[in-house]
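As the structure lists them, so they are numbered: ligands from 1, and atoms in each ligand from 1. Computed from a predicted structure; not experimentally measured.
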Amino acid sequence: MQISPTIELTQQLISRESVTPEDAGCQQLMASRLEKLGFNIESMFYVDTLNMWARKGTEAPVFCFAGHTDVVPTGDVKNWSTPPFEPVIKDGHIFGRGAADMKGSLAAMVVATENFVKAHPDHKGSIAFLITSDEEGPFINGTMKVIETLEARNEKIDMCIVGEPSSTNYCGDIVKNGRRGSLTGDLTVKGVQGHVAYPHLAENPIHKVSQSIFQLTQTQWDLGNDFFPPTSFQISNINSGTGAGNVIPGDVEIMFNFRYSTEVTAEQLVHQVETLFNDNELNYELKWTYNGLPFLTDEGTLVDAVNIAVEEVTGKKPQLLTTGGTSDGRFIAPTGAQVVELGPCNATIHKVDESVAIADLDQLTEMYFKVLENALLP
Ligand SMILES: [Zn+2]
């Protein structure tokens with residue numbers, strides 16, 4: 001069977017077993033292709049994470065493809081129809097861990113860049129690749145560190161496409177032009193442990209906290225805006241109790257998360273929650289984790305370039321959304337870069353039998369190519 005260069009490279013990437021934070025030679029493979037085009041390759045290794053910054057050209061604007069070579073674990077391989085690191089083509093799809101998230105996108109980026117440089121050797125500006133092997137893990141030593149390094153030497157990204165699988169029904173139907181902020185709270189409410197038959201000698205922390213939980217779930221934090229849905233509050237874990245049926249527990253641990261819009265700040269949410277706990281006279285400890293600020297890439301060169309490219313390939317303009325989980329775009333956008341996410345359909349990501357349509361990856365290659373033309377031709 002005849003397969004396209006994008007599919008061939010996708011297969012080569014899938015067969016490298018790069019479970020987070022391993023890279024397993026994926027970046028080396030990409031680098032060898034980019035070097036031939038005149039890219040300057042910089043490997044940046046931080047603690048346990050291999051990253052790559054590759055750049056062709058020294059002028060502005062800097063157009064950057066960003067993505068990750070690591071994949072999530074397979075789970076029990078017995079549940080897979082075919083081995084997860086042996087790519088298989090079946091029914092117009094390519095199967096394997098990372099096919100959709102996001103080795104297919106990486107292959108499309110490399111092949112689109114090869115085609116673009118061949119067609120337009122005298123393009124303006126620079127093309128760059130920011131690739132990490134720690135997006136699926138704790139993300140401490142990945143994109144965040146590379147951005148710190150670039151910022152320290154005043155190297156700026158002007159436009160960035162992140163290859164996360166943004167699409168729902170067909171490739172390019174949805175482009176993410178921002179992300180909500182994410183804020184996590186680890187709460188411990190203290191009571192007094194005792195016998196359930198002698199409640200007057202104890203203080204039940206679960207009872208104490210329940211009113212606050214109810215109030216938090218009923219609060220309207222904001223109404224959202226044109227690009228963001230309203231801020232949402234969710235409890236993800238509650239742990240308490242000794243396991244015995246006759247003991248009032250001494251404390252309860254609750255973990256919760258905000259996905260917030262640009263209508264509030266993390267500081268406002270923290271203040272509002274702590275005020276509520278104080279008003280309800282809880283005895284508590286609360287640790288906050290700031291996972292990422294919200295960002296929005298409104299109108300501009302990049303959004304225009306992507307809109308036109310997607311419409312030329314699919315016949316329809318994409319829908320611009322900010323829903324979904326966080327991505328490494330949250331580390332790139334605060335530098336002032338325009339950032340959007342454009343990638344294949346996400347129906348099977350992180351699942352067994354992860355797959356992506358071959359036609360989607362070939363279309364994605366064309367979209368990336370046209371975005372480069374729209375962004376970097378005079
Ligand atoms: Zn991903």
Side-chain angles (χ1 to χ4, degrees), residues 6 9-10 13-24 26-27 29-30 48-52 64-75 84-85 87 93-110 112 129-147 160-168 171-180 182 259 291-292 295 306 321-333 339-357 360-361 364-365 367-368:
T6 300
L9 183 52
T10 304
L13 289 167
I14 291 174
S15 62
R16 284 163 170 77
E17 207 170 320
S18 56
V19 175
T20 190
E22 293 302 320
D23 169 71
C26 293
Q27 290 175 26
L29 176 62
M30 294 173 70
D48 59 354
T49 303
L50 186 64
N51 307 284
M52 176 175 82
C64 178
F65 286 114
H68 60 89
T69 52
D70 60 325
V71 297
V72 292
T74 58
F85 298 106
H93 284 68
I94 178 165
F95 288 82
R97 172 56 85 225
D101 186 10
M102 55 175 281
K103 290 178 170 177
S105 304
L106 298 179
M109 291 168 179
V110 170
F129 279 69
L130 196 176
I131 307 295
T132 181
S133 64
D134 180 27
E135 198 273 340
E136 303 288 9
F139 58 77
I140 305 292
N141 297 307
T143 300
M144 198 167 86
K145 284 271 165 62
V146 178
I147 288 293
C160 180
I161 285 199
V162 185
E164 291 293 345
S166 61
S167 303
T168 302
C171 188
D173 60 348
I174 290 169
V175 167
K176 301 279 169 75
N177 67 326
R179 289 288 186 165
R180 290 178 289 179
S182 170
R259 291 300 155 106
N291 304 304
F295 72 88
V306 168
L321 290 178
T322 60
T323 53
T326 59
S327 88
D328 276 358
R330 73 194 136 146
F331 303 124
I332 303 167
V339 179
V340 303
E341 293 169 27
L342 169 60
C345 294
N346 53 30
T348 64
I349 61 171
H350 296 206
K351 296 186 180 174
V352 301
D353 292 343
E354 180 176 346
S355 73
V356 66
D360 277 9
L361 292 188
L364 188 63
T365 308
M367 289 175 198
Y368 288 162

Problem set entry | Note, Glu164 side chain near Asp101 side chain (heavy atom, < 4.5 Å) | yes
Exercise. Would you say Glu164 reaches the Zn ion (ligand 1) with an N/O/S atom under 2.8 Å?
Worked result: yes
For this session: Could you check which N/O/S atom of His68 is closest to the Zn ion (ligand 1)?
Result: NE2
Problem set entry | Contact flag Asp101/the Zn ion (ligand 1), N/O/S atoms, threshold under 2.8 Å | yes
For this session: Identify the residue among Ser327, Ser167, Ser105 that makes a side chain to side chain donor-acceptor pair (under 3.5 Å) with Glu341.
Result: Ser327
Exercise. Do the non-hydrogen side-chain atoms of Leu130 and Ile147 ever get within less than 4.5 Å of each other?
Worked result: yes
Problem set entry | Contact check, side chains of Val72 and Thr20, non-hydrogen atoms, under 4.5 Å | no
